[in-house]
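Inspection log for the structure reproduced underneath, given as structure tokens.
Each ligand, and each atom within it, is numbered from 1 in the order the structure gives.
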Amino acid sequence: MAIKESTASAVNAAPRQFDAIIIGAGFSGLYQLHKLRDDLGLNAVVLEKADGIGGTWYWNRYPGARCDSESYYYCYSFNKEIEQEWSWSERYPEHPEIRKYLNFVADKLDLKRNVSLNTEVTSATFDDAENIWTVQTRSGEIFSAPFLITAVGCLSTANIPKMKGLETFEGQWYHTGLWPHEGVNFAGKRVGQIGTGSTGIQAAPVIAEEAKHLTVFQRTANYSIPARNGPVTTEDVRHTRENYDEIWRLARAGTNGHPFTISAQSALSVSDAERQDIYEKAWERGGLRFRASFSDVLQNADANLTASNFLRSKIKEVVKDPAIAEMLTPYDHGFATKRPPIDSGYFEAFNRDNVLLVDIKAEPIVEITPRGIRTAKREYELDIIVFATGFDALTGPLVNLNICGSNGAKLKDEWSAGPRTYLGLQSPKFPNLFTITGPGSPSVLCNMPIAIEQHVNWITDCIRAMRANGQKRIEADVDSTEKWVAHVNEAADATLLPMASSSWYLGANVPGKPRVFMPYAGGFARYAAICDDVAQSGYRGFSLS
Ligand code: NA7
């Protein structure tokens with residue numbers, strides 16, 4: 001087996017020395033390995049907690065789990081052979097196909113020999129005298145390298161709410177982000193699902209088909225656009241392969257890393273009939289592109305209201321029972337101010353006899369009992385509880401690594417009031433530590449592979465330049481970080497995004513987490529241009545020595 005496995009026998013062995021350590025073997029870690037090893041000739045290693053590659057897609061195997069970006073651009077763009085050899089089967093790739101794709105890429109580039117699986121990083125400590133990171137793993141292995149790159153993903157720390165009595169539940173319970181590989185048999189079972197974000201909206205219709213009964217516990221009603229998933233035809237594949245250059249050009253030129261442009265016209269500049277027609281067409285086409293129907297859906301509250309109202313009316317059209325339709329209709333936030341889900345039959349599922357909706361704002365969950373979930377009103381008997389309750393997004397996976405930087409500074413403490421990064425790539429007091437798609441970068445507001453490639457290329461170029469100049473240490477300046485944090489806030493405030501008070505972009509889903517808008521909302525193209533400019537200036541805002 002080419003992939004190396006960490007073993008308990010390695011406990012407290014001498015540090016294994018590398019030029020670079022990468023944490024995580026998803027899209028970002030694999031590409032970073034390829035760049036450092038094959039372009040720079042570095043001795044790099046990827047440390048991966050799981051027993052397989054795939055990152056987010058290794059863990060998220062819940063029913064209905066598929067990507068909301070379309071398959072032809074939810075992939076790498078750096079290798080023409082991969083583009084021409086791989087073909088997707090569906091408009092939105094399902095989780096097994098994404099893992100298959102990543103394995104195909106890893107095999108093609110012979111990456112697995114430098115991936116250490118079953119290797120969970122438990123701490124990382126910087127040595128100021130030597131400019132070396134030392135990384136410890138769960139089994140006691142020690143790795144060291146001048147450069148440490150976290151490629152741990154934005155949505156990889158499950159948010160499992162602390163609900164009274166969960167330990168007394170006599171059925172089974174699962175979090176969607178930690179789904180059992182053997183699957184869950186819902187046949188004949190009474191299932192309770194908590195959470196109606198993108199995940200819950202994907203899972204509910206599939207669970208409803210399989211289970212005897214599904215109760216959906218909804219805290220916040222959500223908008224959703226039909227995905228309109230379907231098979232990819234031979235003609236689609238041919239067209240994509242012939243047009244990849246243009247697809248990537250468009251994706252990199254845009255706000256969200258998608259290969260389509262946001263309309264230049266305001267939702268308020270057209271007649272009601274024209275606007276309705278544009279929304280109808282976008283609804284029929286399906287997917288996240290609905291957001292691009294007008295220029296100002298995310299900038300102007302009145303424009304946003306037109307989209308929100310259109311989608312509210314669709315819920316009422318689809319859901320037969322008006323009382324249930326009303327419960328499912330969001331009023332507390334505007335469309336796309338929280339991450340908009342796309343679905344395959346979500347609202348339709350509530351027309352089924354075996355699906356019940358419970359509004360837990362009206363009847364809060366009081367406790368989990370041995371037999372199910374008790375709300376303020378009654379007990380719901382359940383065999384299985386599915387927590388579709390999301391993630392401690394962006395900062396959770398980083399803070400959990402127990403990172404200790406210069407002079408003993410702890411990332412956990414430094415970020416206690418919210419993440420502080422320069423360009424989302426580095427934080428003061430953490431020299432030679434780079435984060436791929438961390439807070440302060442477009443990350444989750446972007447089609448991830450595009451954001452990942454831009455970061456990996458930038459980090460690789462930075463390390464290349466440092467080596468060429470004989471520099472051993474790079475650290476973000478406090479000043480440039482302060483300015484960047486202010487700019488991240490300013491970029492968010494120029495949109496309606498901070499207005500959704502329950503958004504995970506703000507950390508609002510995790511009790512006690514500071515409310516700070518985390519991703520960079522200024523747009524991918526603008527962000528990439530800033531990063532390029534910083535690099536060309538000789539890494540302005542960083543101290544190099
Ligand atoms: P999300 O979008 O954070 O959704 C989580 C859902 O779970 C959401 O409806 C939450 O309600 C609900 N939730 C969270 N905690 C609780 C508690 N304690 N009680 C009841 N309900 C709760 O996570 P997803 O996994 O769906 O999606 C994450 C991203 O993955 C998605 O945006 C895409 O980028 C891919 P709330 O809205 O907070 O009231």
### Message
Evaluate S308 against Y331 for side chain to side chain donor-acceptor pair (under 3.5 Å), listing each step before the verdict.
### Response
CA-CA 9 Å; S308 303; Y331 294 105; over 6 Å; no
### Query
Is the NZ or CZ atom of K49 positioned over W59's six-membered ring, under 6.0 angstrom from the centre and within 45° of the axis?
yes
### Task
Might you confirm whether atom NZ of K212 has over 12 heavy atoms from other residues, nucleotides or ligands at distances under 6.0 Å?
no
### Query
Regarding R312 and the six-membered ring of F310, is the cationic atom NZ or CZ under 6.0 Å from the ring centre and inside 45° of its axis?
no
### Task
Could you name each residue pair satisfying side-chain hydrogen bond (donor to acceptor under 3.5 Å, both in side chains) that touches residues 283-297, not counting sequence neighbours?
S266-D296
### Query
H181 vs Y58 aromatic rings, parallel, tilted or perpendicular, using cut-offs 30° and 60°?
perpendicular
### Query
ligand 1: which residues have a non-hydrogen atom closer than 4.0 Å?
L155, N159, P161, M163, I194, G195, T196, G197, S198, T199, R219, T220, K338, R339, I360, A388, T389, G390, F391, S502, W504, N509
